[in-house]
Amino acid sequence: MPCSSIETSNNFCGGGDGGDVNGRIHNFKLNEHTFLASLMPKKEIGADRFIEAHPHYDGRGAVIAIFDSGVDPAASGLQLTSDGKPKILDVIDCTGSGDVDTSKVVKADIDGRIQGASGASLVVNSSWKNPSGEWHVGYKLIYELFTDTLTSRIKKERKRKWDEKNQEEIAKAVLHLDEFDQKYTKVEDLKLKRAREDLQNRIDLLKKQGDSYDDKGPVIDAVIWHDGELWRVALDTQSLHDDRKCGELADFVPLTNYRIEQKYGIFSELDACTFVVNVYDEGNILSIVTDCSPHATHVAGIATAFHPQEPLLNGVAPGAQIISCKIGDARLGSMETGTGLTRALIAAVEHKCDLINMSYGEPTLLPDYGRFVDLVNEVVNKYRLIFVSSAGNSGPALSTVGAPGGTSSSIIGVGAYVSPAMAAGAHSVVEPPPEGLEYTWSSRGPTADGDLGVCISAPGGAVAPVPTWTLQGRMLMNGTSMASPSACGGIALLISAMKAEGIPVSPYSVRIALENTSIPVGGLPEDKLTAGQGLMQVDKAYEYIQKSQDLSCVCYQIKVNQSGKSTPISRGIYLREATACQQSTEWAVQVEPRFHDDASKLEQLVPFEECIELRSSNNAVVRAPEYLLLTHNGRTFNVVVDPSNLADGLHYYEVYGIDCKAPWRGPLFRIPITITKPKAVLNRPPLVSFSKMSFLPGHIERRYIDVPLGASWVEATMRTSGFDTSRRFFVDTVQLCPLRRPIKWESVVTFSSPTAKSFDFPVVGGQTMELAIAQFWSSGMGSHETTIVDFEIVFHGIGVNRTEVVLDGSEAPIRIEAEALLASERLAPTATLNKIRVPYRPTEAKLCTLPTNRDKLPSGKQILALTLTYHFKLEDGAEVKPHIPLLNNRIYDTKFESQFYMISDTNKRVYAMGDCYPASSQLPKGEYTLRLYLRHDNVQYLEKMKQLVLFLERNLEEKDVIPLNFFSEPDGPVMGNGTFKYSILVPGIKESFYLSPPNKDKLPKSSSQGSVLLGAISHGKLSYAGEGKNPQKNPVSYQISYVVPPSKIDEDKGKGSSSASTKPMAERLQEEVREAKIKVFGSLKQDSEEDRSEWKKLAQSLKSEYPKYTPLLVKILESLLSRSNIGDKIHYYEKVISAADEVIDSIDADELAKLFSLKADPEDEDSEKNKKKMETTRDQLAEALYQKGLALAEIESIKGEKPSALAATEAVSSDLQSDLFEENFKELTKWVDVKSSKYGTLYVLRERRFGRLGTALKVLNDMIQDDGEPPKKKFYEMKLSLLDEIGWNHLSTYERQWMHVRFPPSLPLF
């Protein structure tokens, strides 16, 4: 996710100035010049001094790839470079979120009209060149291209205008009803009653529509063609404008791929949203690129903005150019995806970029690992790109750096620094800090494998450009997201100078120059874990580069492992746990010089030899050899670390290598050594307190505690005193466990006055816990009072022999053994099952090679895609979440490239999308398809995934949640005695109890064999908590699962099935033959005229053989209705009426009614059979009447006869010709509910015939609401027709937009 926040009046604030060491300034005052300069900090990193000395080295010649949420090319300062070149060379959506399927090709008619993919009739501009005459068409819902913020603004404005129109129609409807009531004071006639009801229904419908309004947004049509030279794109955006003449396709100025002409468009004045287009796959895919948050534009502005009228607001490198690589997927908010990351790297190499800035990241379980890291290593080592990335915003605790910026060796990870000038100007604090410091939330190192984590620091806040749709030019944001482009811009200045001076550009030489010339932030060795080597200095780094330009471009790869152990391999020494800090340890350190892939073996590798002096920052603790002769193949040496005499707390040391022949170069490599010696908790009950800790703004106190074995949760109290104005604190705890993301608990608390606050959180016994308490850097500024904090921690724990419990589906209970190792605890187990997880295998697996160059790796390999299709059905609406254990919850720390899923119904409506972090989605009852999309360039990996098991996880409704019972006896679940409620555990004494499986009758109906019921079990309670039955509300709970066994056999199944038939064998044989003939007849095709002729002959033959046999006549009617190729429609519907009449005539309606009036005996088997037979006959009669009514209505419609003229009155008696439709309808009402979804269409048509459109709409809405199945397109088409007829244009427009959501012509692209 993006590593930044948008500043508000109560949000993060910060400062710093690099004028002297660590920015120390006393009595700091701003003037207009220094205020403007503070909004876009450059002085802190020496960028202003560098450009003043080298005005033409302002980034010119450097190209930066911005991996982010998409840059707005219309934003202030992002049009031109300082030397007049285009600022943005390309804008790419790497995620595919803006892709439109334009594979459909149409031709224009004689008037130059084409049918758009949305169904709209579009006029193409006659001046557009299109030699082939082929137009590719597609469409997009506009809200899919907008951010949530922009969508919310547009929806609000559109709702206001829609409400005005709706209120206008309500006023008209009320007026018509009022006029009716004045005209007819007494309404007794049935016809008048229905007319008044219709008027009232119109009012009710309009009001109800206003309450249920849900704007899915306008649809834009896209048209692509080849003009003989380039692919061209035009959009029809009429639906975005009030004036329907605006936004017509023919008026659109055609665009082509942004890279070619650097042109963009804006959808409308209302949204003010900029977009660009790119065409792929020979016109079959259109990418409409918009940003998915202001983040990227802000980042690009910090790095490169150029404001000729206000140079103080320039970015760090105003001469640099950029390409925008959108890695934030708009379908997921702005979350990055593996697809986006991979395509972005491909684009960066293709555009020959010099730099990459990526202000995104998240925690990882394995540092410097994964598919993306592998690709980054190739890009850096082979193509010499310099990759800069944010370290993360998860501080102040240690080991909180995120991937990839803080955890990858090939990437320069940047921490966030704030200077006094930034604090006073950009953040507007009352009294800035006396010296610069890291923002409180900036992530800290080391990584889990001991690497420093943060490489350098740069200003982490700025007022920079934002997209036009925000309706403002600039915005204040802060985060390591802002520090990274500040550093990246500074590096662009270096590249600009290096290229101009002919100095070879290498990420290796640039990185060492930055690290060895940075100004330290803070005066303690351990401050490097916060700020890296310090605040970067562009001018000093350039001097270093100039001096070292003739040296080999080489970096030094460090691999460390404890002597005698081959694993794990790490990049530093990290002694964190208590046992590691109690004795001396020896470590094998391998230093391997790494050259770029194109380095000459004979000229560079063979002669490489360096005499290295090894130095330790503290020989009393860390000892290393004095010298090392290093060649290309590397060397290994030993380091001895002895922490045994150190005090409790944090200690940081380094072993670093100095070139004996050129000591001015500074450290060529460093081996970081971090020691967090924990405090042992020996007292019982286990309590530890830290008293009288003093805090000023920005101050951090770190305490390290050896969590006692047996502890599983903490109850803590924080007391504050000694201050006046409110104080804001970050309270974090972190524990590290192998192959897990850092276990972090955090709380941001504000004390408005001296008081105490309590916390509780889980811990892992036997692992060191860091407690980091920090007063927020800007909290309490202006007040000179010190805050005093007392912090008390009490450890609790109940140890059990089973942390994760699996019930195997049998009736046997599970024995659980519990003990308290630390102090007496109340054992009060609770367990519930509240989720069900159902496994599915794919029904289809399709493997394909992706067709476009955006999916072709720099190595030349084309990426492959595997699409897996899963089908599932929900008997009731439910909240569903897909779960793929192999792939979920990992973006960077996975060797698989990417994953993406879509859930759609039978109408192709997409209800949910997601990637490695699936979310729960509410789905109505129905059948669904889940498509899972996996990408990789290795076909063998994808082949192994073709039978990938996917789970669908569903939360049980509260009434279906299953509480589990506990017993003190093994037979308790069956006998019902020996219930276990609670006990007091005494240290040293174990107790046991039994967990009962759920009662089979309590299992959800949807729990099929192989499904797994999931829940939680907890054993202890907070000391201050009351009784509770939800284990997840307790501080520590564990997963519990129950494997659903086979269903019990239905004892009633098969009863009565063996009863012998009383019919003679010959008669039974004749019936079997008859039914077989009818079955074969029903399967005959009627595609051609010859088929239909044969069908007709066979129908006549069967009718002669089995006269008035209702099932046969029903099958004939069904076969007629199934015909697709209908010629003369009137003749066809007359045939339908005739076939329906034959079914009706074959049934004795009077006899059937008489039979229905008799009550069947449910105990009598023959009686029940007769009842079912009657119901079948009734349904056949009703269906025939229904189809006859539909056919009669269709004939009326085709002939153009006005329904109102056909039926002069609804009374039974009439001098006019009998109304066949009305007679048929009244007959149908005798047998079924004509307002039901099955037969309601006829009721709607009837009301329409009589002009009662309001009632027709009401019935139709009720049918749609009560259908209980996926929406039927015919119902909504009928609704649109009624709305058009009644004249409610605002509602028909609204429903047409919804049609694209409910019934899309195809599934969207991945």
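Residue numbers start at 1 and run along the sequence shown.
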Going by heavy atoms in the side chains, are Leu355 and Leu385 under 4.5 Å from each other?
no

Over-ring placement of Arg615 relative to Tyr656, 6.0 Å and 45° cut-offs
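No, cation not above the ring by the 6.0 Å, 45° rule.
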
Donor-acceptor contact present, side-chain [X] to main-chain [Y], <3.5 Å:
{"X": "Ser443", "Y": "Thr400", "result": "yes"}
{"X": "Ser616", "Y": "Asn618", "result": "yes"}
{"X": "Thr304", "Y": "Ala300", "result": "yes"}
{"X": "Ser570", "Y": "Gly572", "result": "yes"}

Out of Arg571, Arg576, Lys559, which residue meets the salt bridge (charged side-chain N to carboxylate O under 4.0 Å, His left out) rule with Asp449?
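The single option meeting the salt bridge (charged side-chain N to carboxylate O under 4.0 Å, His left out) with Asp449 is Arg571.
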
Residues two or more places apart in sequence or in another chain: which of them pass side chain to side chain contact (heavy atoms under 4.5 Å, CB included) with Ala37?
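Only Leu312 meet the side chain to side chain contact (heavy atoms under 4.5 Å, CB included) criterion with Ala37.
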
Side chains of Ser359 and Asn357 only: does a donor on one sit below 3.5 Å from an acceptor on the other?
yes

Side chains of Thr768 and Glu577 only: does a donor on one sit below 3.5 Å from an acceptor on the other?
yes

Distance-only donor-acceptor pairs under 3.5 Å for side chains of residues 663-672, two or more places apart:
unit_1 : atom_1 : unit_2 : atom_2 : d
Arg665 : NH1    : Glu610 : OE2    : 3.3
Arg665 : NH1    : Asp659 : OD2    : 2.8
Arg670 : NH2    : Asn516 : OD1    : 2.9

Can you check whether Tyr508 and Tyr556 have ring centres sitting under 6.0 Å from each other?
no

Taking the six-membered ring for Trp and the single ring otherwise, decide whether the centroids of Phe776 and Phe730 are under 6.0 Å apart.
yes

Please table the atom pairs, donor to acceptor, closer than 3.5 Å between any side-chain atom in residues 779-786 and protein atoms at least two apart or in another chain.
unit_1 : atom_1 : unit_2 : atom_2 : d
Ser779 : OG     : Arg728 : N      : 2.7
Ser783 : OG     : Asp724 : OD1    : 2.8
Ser783 : OG     : Arg727 : NH2    : 3.1
His784 : NE2    : Glu431 : OE1    : 3.4
Glu785 : OE1    : Asp724 : N      : 3.1

Evaluate whether atom NZ of Lys679 has more than 12 neighbouring non-hydrogen atoms of other residues, nucleotides or ligands under 6.0 angstrom away.
no

Identify whether the distance between the nearest side-chain nitrogen and carboxylate oxygen of Arg703 and Glu701 falls below 4.0 Å.
yes

